[in-house]
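Note sheet for the following structure.
Reminder, nothing fancy here: chain letters follow the sequence lines and each chain counts from 1.
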There are 2 protein chains.
Amino acid sequence: MATIKDVAKLAGVSVATVSRFINKNGYVNEETKLRVEQAIDKLQYERNAMARGLATKKTETIALILPDISNPFFPELARAVEDVARTYGYTVILCNSDNQVNKEKGYIHVLKQRYIDGILFASHTLGAEEVGLMKKNNIPFVVLDRVPAEVECSVVRSKNFEGAQIAFQHLQEVGCRKIAHIYGPQELATAKERLMGYEQLAREFDWFSPSLMVQGDFTIDGGGIAVELLMSRHPDIDGIFIGNDLMALGAMKKLKQMGIHVPDQVAICGFDGIHLTKIADPELTTIAQPTYEIGMMATRLLIKKIEGLMEEDQTHEFDVTLLSRGSTERKIQV
Amino acid sequence: MATIKDVAKLAGVSVATVSRFINKNGYVNEETKLRVEQAIDKLQYERNAMARGLATKKTETIALILPDISNPFFPELARAVEDVARTYGYTVILCNSDNQVNKEKGYIHVLKQRYIDGILFASHTLGAEEVGLMKKNNIPFVVLDRVPAEVECSVVRSKNFEGAQIAFQHLQEVGCRKIAHIYGPQELATAKERLMGYEQLAREFDWFSPSLMVQGDFTIDGGGIAVELLMSRHPDIDGIFIGNDLMALGAMKKLKQMGIHVPDQVAICGFDGIHLTKIADPELTTIAQPTYEIGMMATRLLIKKIEGLMEEDQTHEFDVTLLSRGSTERKIQV
DNA sequence: AACAAACATGTAACCGGTTACACATCATAT
DNA sequence: ATATGATGTGTAACCGGTTACATGTTTGTT
């Protein structure tokens, strides 16, 4: 493998000149440029990222820490991140944290050792301590789906609270008279906000009861379990807003097994807008997040931070959109 | 950030000794070890992967090149890869090739510059040229889902041919009398083998006709289009083996729209065993690949190659298993 | 003509590790 | 008593780049 010295020798110049040419900084004579270029071509020289990184302390690498890539919400996000990163010449390291703090910390250490330029946090357990760790080590980072206040940092997120309210109103509009909610783990800001959005509206009605709110774990099976409990408590509910699509799909399946018809007996509205929602039968109505856009925005923000084009922390909130589909398409309108 | 020199100074030894201690090679006196260890603790020293990589030409990083992480087949694979990689201290770089040769080449270049230790190829377009590029640059690699003969390299794959035959036989056993096949892009070895498995058995029957084999593109929508064509040609078919689950799901959806009942009128069997198959209604019968195991095996193989524990190229073939579910559960048995 | 500014290039230190080699000490075998 | 091998440590070269600084040459200005 040719090195910069080989190129310099062949072109009859010093390594400094070659370096200047490659990085396009400093003066290089036109003729010299030509000679260097030819030498590079002839030797098929490619600059060594390792050596460069050691000297510059930049690696053009970012890390994406997420709970689990096999959770259907994340692949699209990951794809967006990688797409944007690549256009800027960055490489993406994939990290699955399983929402475990110690794994996250482990990653942060490894990433620090490797001079990673920045980290994208789509993992939810991020606490003040990790944030401190990142700030202390001066690693730029952007987080997804966090409540903005908590710690000072850049955030990209969706309007969960508003989305929940859109879901609730939609269920009402299709004729639901008693609407329940299955919410996700309360450590997750997203789940909490969606719950709050629901509760605020639901409380206004006399049919409301706290037992209409049941916790699930954001998995398919969890959705089934939660809906079973819910139906046993309140056999008369006719609409459920479910905190994420995975649970909603699980709930739909379970309802079918229980002989309860969706949407006529119970209408269902999920949240997230993952692709699976179109495979279900009936298709699942959901509050869709612009997942790809979120990933793009977060990556752009991170790269801006890395390249020093942005000082202040920013928060970006994306609108969500109702995808009204079969699971709330009731024949019996009010 | 503390460097090895700082540690050496504090411990009152040379950097060589510290390095020996850290890497556990060469002799270090027990007492000295203690002093060095204390210095490391006190300074919170972490060794710089960049400098180390420059000196050793190893980075403890592997790349996973796949067509598209948002294709539901790949997240589980990626997860397996990352899990195994992490236990060996390796980091994973994610690359989406969209099955485009130039993107793959681009990645190989970037990865070479970065001294990546090895590459896992789950992308299908890999041709002799790229393989040559890798071999020339002496980058260890393992490929997934390739026909073994093609070029000399390590391969991890499933028994596609056999799987197709299991699917065919299963459809027969549940009473299908005229079984069609929707196959995937023939550039993909997997798709080709599945087609061959089907064709070999189907040809034996007098109902067979080449027009029972229709090409699809391995996407959900493609499955719908293909099944529509198929049913217009052969309204009397009562079973379809479909080359991957995504197309099978699309086909099921389309059949439902066409008013054709699955499984009673047409039974469907897919291939891959992605999780989505359980969300569909009826659940999709499929030939499941041990995706996670495949990822694990491939990663282990790659790391062995990297660490020089394996010279010869190996091929690993995994058995597939029939998951018999609703989409082939016919009330009208023969 | 004198001088500043722009242009062009080279030297060498530095980034933070690894490791070959030299050297010293000590225990053991002969 | 001496040779031998194991143990323990330091020096300095090296990995392959970047870049501050020095130096020399043009060009333009007044």
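Residue Phe21(A) is classed as having no contact, given no heavy-atom separation below 4.0 Å to the nucleic acid.
Between its two ends, the helix from dA1(C)-dT30(D) to dT30(C)-dA1(D) turns its axis by 40°, counting five pairs per end and rounding to 10 degrees.
At whole-Å resolution of the value, NZ in Lys112(B) and C1' in dG16(D) are 15 Å apart. Computed from coordinates, the Lys58(A) NZ to dG17(D) C1' distance equals 16 Å when rounded to whole Å. Across the protein-nucleic acid pair, Tyr115(B) atom OH and dG17(D) atom C1' stand 10 Å apart, rounded to whole Å. Here the P atom of nucleotide dC15(C) and the CG atom of Asp6(B) are 10 Å apart, to the nearest Å. Computed from coordinates, the Leu54(B) CG to dT18(D) C1' distance equals 12 Å when rounded to whole Å. If you take CZ of Arg114(A) and C1' of dG17(C), they are 15 Å apart, rounded to a whole angstrom. At whole-Å resolution of the value, CD1 in Ile40(A) and C1' in dG17(D) are 13 Å apart.
Gln314(B) meets the side-chain contact (heavy atoms from CB on, under 4.5 Å) test with Ser154(B), Leu301(B), Met310(B), Glu312(B), His316(B); sequence neighbours excluded.
Within a 6.0 Å radius of NZ in Lys103(B), more than 12 heavy atoms belonging to other residues, nucleotides or ligands are found. Heavy-atom contacts from other residues, nucleotides or ligands closer than 6.0 Å to NZ of Lys9(A) number 12 or fewer.
The minimum heavy-atom distance linking Asp145(B) with Ala189(B) is given by the pair O-CB, 3.7 Å. For the pair Tyr292(B) and Ala80(B), the tightest heavy-atom approach, listed with the atom from each and the gap, is O-CB, 3.2 Å.
Salt bridge annotation for Arg79(B)-Asp98(A): present, with a cationic side-chain nitrogen under 4.0 angstrom from a carboxylate oxygen. Salt bridge status for Glu82(B) with Arg86(B): present, with a side-chain N to carboxylate O gap under 4.0 Å. With respect to Glu30(B) and Lys33(B), a salt bridge is recorded, a charged nitrogen being found less than 4.0 Å from a carboxylate O.
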Nucleotides 5-14 of chain C: protein proximity per nucleotide (B base, S sugar-phosphate only, - neither; heavy atom, under 4.0 Å): -SBBBBBB--
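The side chain of Arg52(B) places an N or O atom within less than 4.0 Å of a non-bridging phosphate oxygen (OP1 or OP2) of dT18(C). OP1 and OP2 of dC15(D) both lie 4.0 Å or more from every side-chain N or O belonging to Asn48(A). Between Lys57(A) and the phosphate of dG16(C), there is a side-chain N or O to OP1/OP2 separation shorter than 4.0 Å.
With Asp117(A) contributing its side chain and Glu60(A) its backbone, the two residues share a donor-acceptor pair below 3.5 Å.
Among the nucleotides dG16(D), dG17(C), dT19(C), the one closest to the side chain of Ile4(B) is dG17(C).
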